[in-house]
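Some notes on the structure that comes next.
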Amino acid sequence: MKNILVAGMSKDKFTERIFSNLAKKNFVIDSLTGFHNWNSKNVNETVNAISAMSPHGLKDSFHMVNPEILDRDILDYFNRARPYFLRVLDRFYIKPISEREAEQYFNDCISYILAYLKKDKKYDLCFSLYSPHSPTGIITYYACKYLGIPYFFGVRTLLPELIMFSDDFEAKEPTFFKFDKTKFKDDITLNTRNDINYLLSEPVWLLDAGKAINKTGNWYLSNKNHSGSLLSVIARNKYVIPYVPFLKFILDFTKLILTGNFLRNEFYKLKKFDAIKLIIKNIKLARTLHKWQKNNSKKSIEAKNYFYFSMHYQPERTTDPEANYFTQQYLAIKLLSTALPDGYILYVKDHPRQFVDKMDIAKVNFRNIHEYEAINSLPNTFFLDPEIDSKEIIKNAKLVSSCTGSALWEALLECVPSISFGFTWHADCESSPNFSSVKSINDQIKKLLEKDKKNVKDDLYEFILKNKDCFIQSHFGEIMANESKLDTNLLAGNFSAA
């Protein structure tokens, strides 16, 4: 019998299938989750749920253990986790807390999670759906490393139906787990360029879904008509689409007034009146930022030789923790700006979703006018209007950059080189490297600009062929599995086998 600790798994039928498959193979699963009462008729006998993502009530979540006594050696080790931990607090503590309170929560997480991992049964493996991006997730990741427990997390790619697994989101050149592909049913064949051409010709639902969500903040638009709910079909109607953000806000705000519930309030623990005040603050902030962007942005692409930096929506795991220090995107933009060759300019475009979904109050701790003005004051650096189509910007750019965003992969598909400032699943591609150092960035950029479209395409083929044993045909969660052309049992079975 094997014991597995999983963290942040979706509460849906796809996860139930995975857990059921594991239960049949004599795995016992403990689940660190943000959901209360994670119970299922199929798997509740083998899944023990611990609701521990909230900053409130660690003692209640880990009532089964006495907290570990912390000494200097332990705290010195966990100092590595501190920057990530402090950054992700803004997702869960909407109201600012003191440094002392944050320090106490940090210490409490270490005490309880270490004690839990050392209690009674030895875990053979810890796993999270994505790179850890909650306070308890961050501490669990480092606690496993401290205790020598293997820890892996899932990595979503932008190759159709393919995911990967890694064990280190901090590495400049991340490593991914290689599998014995004979253990998987109906596995994809990636042995030749023709195989890759066929793969790349397949539509990527995640890219289309992301663009739909960016415009409206609404998941209903991401679902295909044939597999979506009635609300999805209505939301995708061409006469309804322009009004979706407004209608979504009215529905969500009405729900808040009537029930007191709104997005992620199981973490925030806000009273209705406090939530309304923060929503009003978020609306004012989004309006101010959007107005500044419209007044200070180029309305069209004027330059022939330009780099493009695609900013991230925040808060999200793509910056915290995966961008590391460059979660402050100004740092990356300034670095790129100073490395521009003669005759080049840098275009910057903010993420469109930063201005939509007024109910997502986590954004109140991110973005301000001062940040925009600092970027705008950099030499040869200009904002582009948020409404300009990113595809056109990418297609004509000489180099595309982002921390970890999908723009990097879209650039490769257009045979345009890119450079990242954080954890990406394709950093192993010669035409899409991770930023190395201030001393070497000029050389990196020079080498990338020397590549023509054929060179970039060759690098793309080489990357996929080199990593073919790292890709698994599967998905994360029911929403994505429902959009797949592959059988759900196959997807869940591959995930379990991995």
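- Geometrically, R82 does not engage F78 in a cation-pi contact, judged by NZ or CZ lying under 6.0 Å from the ring centre and within 45° of the ring axis.
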Report the C-alpha separation of D458 and R193 in whole Å, then their side-chain angles, then the decisive distance to 0.1 Å, and conclude whether the salt bridge (Lys or Arg N to Asp or Glu O under 4.0 Å) test is met.
CA-CA 10 Å; D458 287 344; R193 285 193 169 217; 2.6 Å; yes
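- Around NZ of K457, the count of heavy atoms belonging to other residues, nucleotides or ligands within 6.0 Å does not exceed 12.
- Distance check, rounded to the nearest 0.5 Å: CD1 of I280 to CD1 of I361 gives 12.0 Å.
- The two residues A81 and I139 come nearest to each other via the heavy atoms CB-CD1, 4.2 Å.
- Side chain of K454 to main chain of K451: no donor-acceptor pair is present (N/O by atom type, distance under 3.5 Å, no hydrogens or angles).
- No donor-acceptor pair closer than 3.5 Å links the side chain of Q354 to the backbone N or O of H351.
- What you find for L190 and L199 is that their closest heavy atoms are CD2-CD2, 3.9 Å.
- Taking every heavy atom of both residues into account, N365 and Y93 meet most closely at ND2-O, 4.0 Å.
- F471 is linked by a ring pair (Phe, Tyr, Trp, His ring centres under 6.0 Å) to nothing, counting only residues two or more places apart in sequence or in another chain.
- Within the structure, every pair that satisfies the side-chain hydrogen bond (donor to acceptor under 3.5 Å, both in side chains) test and touches residues 322-340, not counting sequence neighbours, is listed here: Y84-N324, S131-E322, Q314-T327, Q314-Q329, R317-E322, D320-T327, S337-T381.
- Between the side chain of K294 and the backbone N or O of D385 there is no donor-acceptor pair closer than 3.5 Å.
- The 12-atom threshold is not exceeded at NZ of K271, counting heavy atoms of other residues, nucleotides or ligands nearer than 6.0 Å.
- With sequence neighbours excluded, the residues satisfying ring pair (Phe, Tyr, Trp, His ring centres under 6.0 Å) with Y372 are W292, F383.
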May I have the step-by-step check of side-chain contact (heavy atoms from CB on, under 4.5 Å) for Y105 and L58, ending in yes or no?
CA-CA 9 Å; Y105 183 36; L58 273 176; 3.6 Å; yes
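- In plain terms, the two heavy atoms of Y313 and K363 that are nearest each other are CE1-CD, 3.4 Å.
- Other residues, nucleotides and ligands contribute at most 12 non-hydrogen atoms within 6.0 Å of the NZ atom of K446.
- By the 4.5 Å heavy-atom criterion applied to side chains, L200 and L460 are counted as neighbours.
- In terms of heavy atoms, T136 sits closest to C109 at CG2-SG, 4.0 Å.
- Figure legend: K298 and F382 shown as a cation-pi pair, the cationic atom lying under 6.0 angstrom from the six-membered ring centre and within 45 degrees of its axis.
- For F127 and F495, the gap between ring centers is short of 6.0 Å.
- Listed by first then second residue, pairs satisfying salt bridge (Lys or Arg N to Asp or Glu O under 4.0 Å) with a partner in residues 417-439 read D428-K466, not counting sequence neighbours.
- Annotation: side-chain contact (heavy atoms from CB on, under 4.5 Å) contacts of K391 (sequence neighbours excluded): D389, E414.
- Taking D443 as the reference, nothing meets the side-chain contact (heavy atoms from CB on, under 4.5 Å) condition, with sequence neighbours excluded.
- Expressed to the nearest 0.5 Å, how far CG of D452 lies from CG of N455 amounts to 4.0 Å.
- Here the CZ atom belonging to R91 is positioned 7.0 Å from the CZ atom belonging to F366, to the nearest 0.5 angstrom.
- Under the ring pair (Phe, Tyr, Trp, His ring centres under 6.0 Å) criterion, F246 pairs with no residue, sequence neighbours left out.
- Counting only N and O atoms by type, the side chains of D108 and S111 include no donor and acceptor under 3.5 Å apart.
- Residues forming a side-chain contact (heavy atoms from CB on, under 4.5 Å) with D76 (at least two apart in sequence, or on another chain): R72, N79.
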side-chain contact (heavy atoms from CB on, under 4.5 Å) between Y344 and L399: does it pass, once the steps are laid out?
CA-CA 10 Å; Y344 282 77; L399 180 74; over 6 Å; no
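- Ring-plane geometry between Y268 and F262 is classed as tilted, the angle between the planes lying from 30 to 60 degrees on a 0 to 90 degree scale.
- One finds the CG atom of L158 at 6.0 Å from the OG atom of S406 (value rounded to the nearest 0.5 Å).
- Considering CG of N380 and CG of D342, their distance stands at 9.5 Å, rounded to 0.5 Å.
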Apply side-chain contact (heavy atoms from CB on, under 4.5 Å) to the pair I369 and L289, showing each step before the final yes or no.
CA-CA 7 Å; I369 293 295; L289 294 175; 3.9 Å; yes
Checking L159 against I464 for the side-chain contact (heavy atoms from CB on, under 4.5 Å) test, could you report, in this order, the C-alpha distance in whole Å, the side-chain angles of both residues, the deciding distance, and whether it holds?
CA-CA 10 Å; L159 290 169; I464 294 175; 4.2 Å; yes
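- Listed by first and then second residue, the salt bridge (Lys or Arg N to Asp or Glu O under 4.0 Å) pairs that reach into residues 366-383 are D350-R367, sequence neighbours excluded.
- In this structure, CG in D12 is found 7.5 Å from CD1 in I479, a value given to the nearest 0.5 Å.
- No side-chain donor-acceptor contact under 3.5 Å links T318 to the backbone of T404.
- Residue-environment remark: CZ (R287) stays at or below the threshold of 12 foreign heavy atoms within 6.0 Å.
- Sorted by first and then second residue, the salt bridge (Lys or Arg N to Asp or Glu O under 4.0 Å) pairs involving residues 392-405 (not counting sequence neighbours) form an empty list.
- Counting only heavy atoms from C-beta outward, the side chains of I74 and Y146 approach each other to under 4.5 Å.
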R353/E316 under salt bridge (Lys or Arg N to Asp or Glu O under 4.0 Å): CA gap, chis, key distance, verdict:
CA-CA 12 Å; R353 190 150 55 102; E316 246 188 1; 3.0 Å; yes
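- Counting non-hydrogen atoms of other residues, nucleotides and ligands closer than 6.0 Å to CD of E302 gives a total above 12.
- With hydrogens and angles left out, the side-chain atoms of S128 and Y151 include a donor and acceptor closer than 3.5 Å.
- H426 is linked by a ring pair (Phe, Tyr, Trp, His ring centres under 6.0 Å) to W409, counting only residues two or more places apart in sequence or in another chain.
- N434 contributes a side-chain N or O that, together with a main-chain N or O of G422, makes up a donor-acceptor pair within less than 3.5 Å.
- Between F152 and F165, the ring centre distance reaches or exceeds 6.0 Å.
- Between I333 and L378 the shortest heavy-atom distance is CG2-CD1, 3.8 Å.
- With R156 contributing its side chain and H475 its backbone, the two residues share no donor-acceptor pair below 3.5 Å.
- Not counting sequence neighbours, the partners of A407 by the side-chain contact (heavy atoms from CB on, under 4.5 Å) test are S310, I394, V400.
- For Y306 (side chain) and I393 (main-chain N/O), a donor-acceptor pair under 3.5 Å exists by modelled atom type.
- Relative orientation of the Y142 and F169 rings is perpendicular, given thresholds of 30° and 60° on the angle between their planes.
- Looking at heavy atoms from C-beta onward, P352 lies out of side-chain contact with P386 at the 4.5 angstrom threshold.
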